[in-house]
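Just so it is clear, the structure is predicted and the values come from calculations on it, not from any experiment.
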Amino acid sequence: MTKNEILISGAGIAGTALAYWLRKAGFAVTVVERAPEPRPGGQTVDLRGAGRTVIERMGLMDRAKAITVDQRGLALVDGKGKVTARVPADSFGGEGIVSEIEILRGDLAHLLHEATLPDTEYLFDDTITGIDQDTDPDAVTVTFEKAAPRRFSLVVGADGTHSVVRALAFGPEGEFARPLDLYTAWFTARDDLDLDGWYLMHNAPGGLVASARPGRLPGEIKAGFSFRSPPLAYDRRDVEAQKEIVARRFAGVGWETPRLLRAMRTAPDFFLDSMAQVRLDSWSRGRVALLGDAGYCATPLTGLGTSLALVGAYVLAGELAAAEGVHDAAFRRYDTVMRPYVTQAQELPPGGAAGFAPTGRLGIRMRDLSMRSMTRWPMRSLMAAQFAKAGDIALPEYALGAPRPVGARGAGR
């Protein structure tokens, strides 16, 4: 182990972005990822605000624009498919509900992964099982499910809402995750459903939301089902049982729901999860830090998760490079710079989960009305303030040259 070796858990957007910037700064980086390869597909994510700035500083904006998904905007539809409200993608300067730069999550992660090669070590099909910060004050000893134990200067958890790193170093998920009593299932469908370029969304009584949006490839649809519910007990490894949960919830719902349910049955990438915000008083503990959803998930309702991941990666790497080997000072600066940005990003849009998935017909009609009013005063001002949060941070300019060794004795915990 050298004193510049850093382990990142998670090869998603946050983890690969951090790997990119750490390598720019001269650190030796290893990324461990549970999946056997970079995860493909996924739903679309937004490049907006400071997240766009980070991609530009990486020199990747042209490549990012080349893989964007062409979407005209968001449209609400009733049970018969009639459009009840629209918000075009160019609303709010292209940074509205559907932004002008929308990329499939897997495509963006793949772009970032490629940008880290060949200088980043990846351990795919593996995961962390233990973190020991007590045996050696100048290192973290990490055990893996498959790989042999290794020592690192620092460990960063960029492994999502259900972070293994957070559970091992900070405590059980229940201490930090705040459920919104809202579940969402995503999957890819191959269908000739005519979306006309729009992200279509249908609300039904009971807090149900069915949606379909264009994918990047011809004939590809990115579908979703969301529903309000108190915490559910289910096996996260049993995909068929999860599909059955969704099928029961959406039985008898109108619009194109039956068609999407049939497509769900054979979808190879089905994913169901609860929406929860992650809140911690500190994103570091000793030589372990958290990044992105692992430390401060805002939920998809805010549309700011990708910006938080990209900006957080840039700031964390920049502060580690600038800290002259004192990792705890870097972690404090990371918190100081990011905390205001995270705090306001975690403020949910008006109505929160209830506004996204109303339970009654009156609530659905009010949602339609608010959507139709979104681009007009006074609603426009309220929503513009929500969307402006993506850029509400003064990004530091870091000199990402070769860093000093991390964590000399006496400078750490």
Geometric class of the [Y]/[X] ring pair [parallel <30°, tilted 30-60°, perpendicular >60°]:
{"X": "Y334", "Y": "Y296", "value": "tilted"}
{"X": "H202", "Y": "W255", "value": "tilted"}
{"X": "F227", "Y": "Y183", "value": "parallel"}
{"X": "H327", "Y": "F331", "value": "perpendicular"}

**Candidate pair R72 and D90, rule salt bridge (Lys or Arg N to Asp or Glu O under 4.0 Å), full reasoning** = CA-CA 8 Å; R72 298 176 62 185; D90 59 2; over 6 Å; no
Can you measure from [atom1] ([X]) to [atom2] ([Y]) and round to the nearest 0.5 angstrom?
{"X": "R213", "Y": "Q71", "atom1": "CZ", "atom2": "CD", "result": "4.5 Å"}
{"X": "L304", "Y": "D46", "atom1": "CG", "atom2": "CG", "result": "8.5 Å"}
{"X": "S91", "Y": "R86", "atom1": "OG", "atom2": "CZ", "result": "12.0 Å"}
{"X": "D194", "Y": "E256", "atom1": "CG", "atom2": "CD", "result": "9.5 Å"}
{"X": "T16", "Y": "L108", "atom1": "OG1", "atom2": "CG", "result": "7.0 Å"}
{"X": "R249", "Y": "S226", "atom1": "CZ", "atom2": "OG", "result": "12.0 Å"}

**Presence of salt bridge, D78 and K80, under 4.0 angstrom** =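 Looking at D78 together with K80, the answer is no, because their closest N to O distance does not fall below 4.0 Å.
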**V29, L7, L316, V165 screened by side chain to side chain contact (heavy atoms under 4.5 Å, CB included) with V156, the one that passes** =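 Single pass found, and it is L316.
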**Asked** Is there any side-chain hydrogen bond (donor to acceptor under 3.5 Å, both in side chains) pair reaching into residues 300-314, and which pairs are they, with sequence neighbours excluded?
**Response** R57-Y314
Residues which pass side-chain contact (heavy atoms from CB on, under 4.5 Å) with [X], listed by chain and number, not counting sequence neighbours:
{"X": "E220", "answer": "L104, T188, R190, L217, K222"}
{"X": "R34", "answer": "R39, T127, E145"}
{"X": "R248", "answer": "E244, I245"}

**Request:** Using only heavy-atom distances, determine whether the side chains of H162 and D273 contain a donor-acceptor pair under 3.5 Å.
**Result:** yes
**Request:** Not counting sequence neighbours, list each pair that qualifies as a salt bridge (charged side-chain N to carboxylate O under 4.0 Å, His left out) and has a residue in residues 107-133.
**Result:** R63-E114, D107-R216, E121-R150, D125-K146
**Prompt:** According to the ring pair (Phe, Tyr, Trp, His ring centres under 6.0 Å) rule, which pairs have a member within residues 68-107, sequence neighbours left out?
**Reply:** F92-F387
**Message:** Set out, in order, the CA-CA distance, both residues' side-chain angles and the distance that settles salt bridge (Lys or Arg N to Asp or Glu O under 4.0 Å) for K389 and E347, then state yes or no.
**Reply:** CA-CA 10 Å; K389 293 176 182 179; E347 296 174 357; 3.1 Å; yes
